[in-house]
Amino acid sequence: MEAYRAAPPVSRTLTALTLGTSLLVYGNIISGSRVVFYLPWIFKFPLPEVWRFVTSFWVTGGGLSILFDTYFLWTYSSGLEKESGRFSQPGDFFTYIIFLGLVILATAGFILGGAVFTQALILGIAYTYSQDNRGKKVSFFIITFNVIWLPWAMLLMTFIMAGPDAALKQGAGLLAAHLYDFLTRLYPTFGGGKNFIRTPAIVKRWFGADKSSFQARGYGTAFRPATQAPGRGTSSGFGFSSAWGTRGQGQRLGGD
């Protein structure tokens, strides 16, 4: 639990919800038809099932895909949330995930008629990860190559194993991530435009922007630990902690 709490908040929550929902569905504890994206049930009267907008991002493929999809989601999501300079302010990564989700819903959901978008979201995250880590090597199953080819390898794998229709819907994640990159980095930097995708103040407060312990930096975010009370001893490099830590410099007895 300590390791879980120390993990990036958005990534750990998203991964836990995805793994938990997938296990419930494939364990036949809940019906998959209750969580997928289906417009007639989302807008039905008098009880619209609006939760489908988010639960459709929490269901992986069956079998070993539960492990692989969850692993890829956790690896690339936490890597971005912790280390990417794009998300240096609190709530930035959450805003990024929401943006990807909205674009994926509009394209793979409303236009292409998809029902589950987990792999599209993972592909979008992998695309942004590959853009931020250009030149690095990554292992994809038994093959090692430049990370820039990672999203295309994932898309090709889906095309081979599930067919062109599944690959097309998964590709919506690639479109969403590229659109985010264009609107927040390419257009403002090279086109002289303005970045309109900004994290709302209320979202920043959700993630601790109003706390004095928050510290922004060029990559990811950090929180300063609480300061010790005055008069307390400090730990030395060898792990000792006592009142000796507050004493002045000692003198050898019997010396000059």
Side-chain angles (χ1 to χ4, degrees), residues 3-4 7-23 25-26 56-87 93 96-97 99-101 103-105 107-109 112 114-182 184-186 219-220:
Y4 177 79
V10 178
S11 298
R12 76 186 181 208
T13 303
L14 181 60
T15 303
L17 289 171
T18 301
L19 179 60
T21 304
S22 300
L23 291 176
V25 169
Y26 293 110
S56 55
F57 289 91
W58 298 347
V59 183
T60 66
L64 289 177
S65 293
I66 297 177
L67 298 178
F68 287 125
D69 288 349
T70 304
Y71 171 78
F72 290 144
L73 176 62
W74 166 252
T75 300
Y76 305 127
S77 177
S78 60
L80 282 178
E81 190 173 3
K82 289 190 299 184
E83 301 173 3
S84 177
R86 301 170 185 259
F87 314 115
F93 188 72
Y96 161 78
I97 294 294
F99 178 85
L100 293 193
V103 175
I104 291 171
L105 281 174
T107 52
L112 299 178
V116 177
F117 313 117
T118 309
Q119 292 189 344
L121 180 62
I122 295 172
L123 184 65
I125 294 171
Y127 175 82
T128 305
Y129 181 90
S130 69
Q131 295 297 307
D132 280 10
N133 292 274
R134 286 174 174 265
K136 293 184 179 181
K137 298 293 183 179
V138 64
S139 295
F140 187 71
F141 293 100
I142 61 174
I143 306 175
T144 300
F145 47 79
N146 192 309
V147 70
I148 200 67
W149 299 108
L150 173 64
W152 305 103
M154 297 173 69
L155 196 60
L156 177 62
M157 182 67 69
T158 300
F159 180 85
I160 294 173
M161 299 184 66
D165 184 63
L168 182 63
K169 292 171 182 175
Q170 185 184 21
L174 196 65
L175 173 65
H178 182 72
L179 181 61
Y180 181 88
D181 189 46
F182 175 79
T184 60
R185 185 180 67 88
L186 296 177
Y219 55 96

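The model shown is predicted, which means the values in this text are computed figures rather than measured ones.
Using modelled atom types and a 3.5 Å distance limit, the side chains of Ser78 and Ser11 yield no donor-acceptor pair.
Note that the OG atom of Ser56 and the CD1 atom of Ile104 stand 9.5 Å from one another [nearest 0.5 Å]. The distance from atom CG of Asn146 to atom NZ of Lys136, rounded to the nearest 0.5 Å, is 11.5 Å. Distance CZ/Phe117 to OG1/Thr107: 8.0 Å, rounded to 0.5 Å. Summarising the geometry, atom CZ belonging to Phe87 is positioned 14.5 Å from atom NZ belonging to Lys82; distances are rounded to the nearest 0.5 Å. The CD1 atom of Ile66 sits 11.0 Å away from the OG1 atom of Thr21 when rounded to the nearest 0.5 Å.
A distance-only check finds no donor-acceptor pair linking the side chain of Ser130 to the backbone of Trp149 [under 3.5 Å]. Formation of a donor-acceptor pair under 3.5 Å by the Asp132 side chain with backbone atoms of Leu80 is not found in this model. Of the possible donor and acceptor atoms, one in the side chain of Thr118 sits under 3.5 Å from a partner among the backbone N and O of Phe57. Judged by distance alone, with hydrogens and angles left aside, the side-chain atoms of Tyr96 form no donor-acceptor pair with the main-chain N or O of Tyr180 at under 3.5 Å.
Contact check for Gln131 versus Ile148: side-chain heavy atoms found under the 4.5 Å cut-off. Counting only heavy atoms from C-beta outward, the side chains of Phe72 and Phe140 approach each other to under 4.5 Å. Within the 4.5 Å cutoff, the side chain of Glu81 has no heavy atoms near those of the Ser84 side chain. Contact of the Phe99 side chain with the Leu179 side chain is registered, since non-hydrogen atoms from C-beta on lie closer than 4.5 Å. Val138 places a side-chain heavy atom less than 4.5 Å from the side chain of Tyr76.
Taking every heavy atom of both residues into account, Ile125 and Leu73 meet most closely at CD1-CD1, 3.9 Å. The two atoms that bring Val59 and Ser22 nearest to each other are CA-OG, 3.6 Å, heavy atoms only. Pairing each heavy atom of Gly135 with each of Val147, the nearest pair is N-CG1, 4.5 Å.
Under the side chain to side chain contact (heavy atoms under 4.5 Å, CB included) rule, Ile122 has a single partner from Thr70, Thr75, Asp69, Thr60, which is Asp69.
Other residues, nucleotides and ligands contribute over 12 non-hydrogen atoms within 6.0 Å of the CZ atom of Phe145.
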- Test log, rule side chain to side chain contact (heavy atoms under 4.5 Å, CB included), inputs Leu14 and Trp74: CA-CA 8 Å; Leu14 181 60; Trp74 166 252; over 6 Å; no
Check: residues 150-175 side-chain donor-acceptor pairs under 3.5 Å, at least two apart:
from: Thr158; atom 1: OG1; to: Met154; atom 2: O; distance (Å): 3.2
from: Thr158; atom 1: OG1; to: Gln170; atom 2: OE1; distance (Å): 2.5
from: Asp165; atom 1: OD2; to: Lys169; atom 2: NZ; distance (Å): 3.1

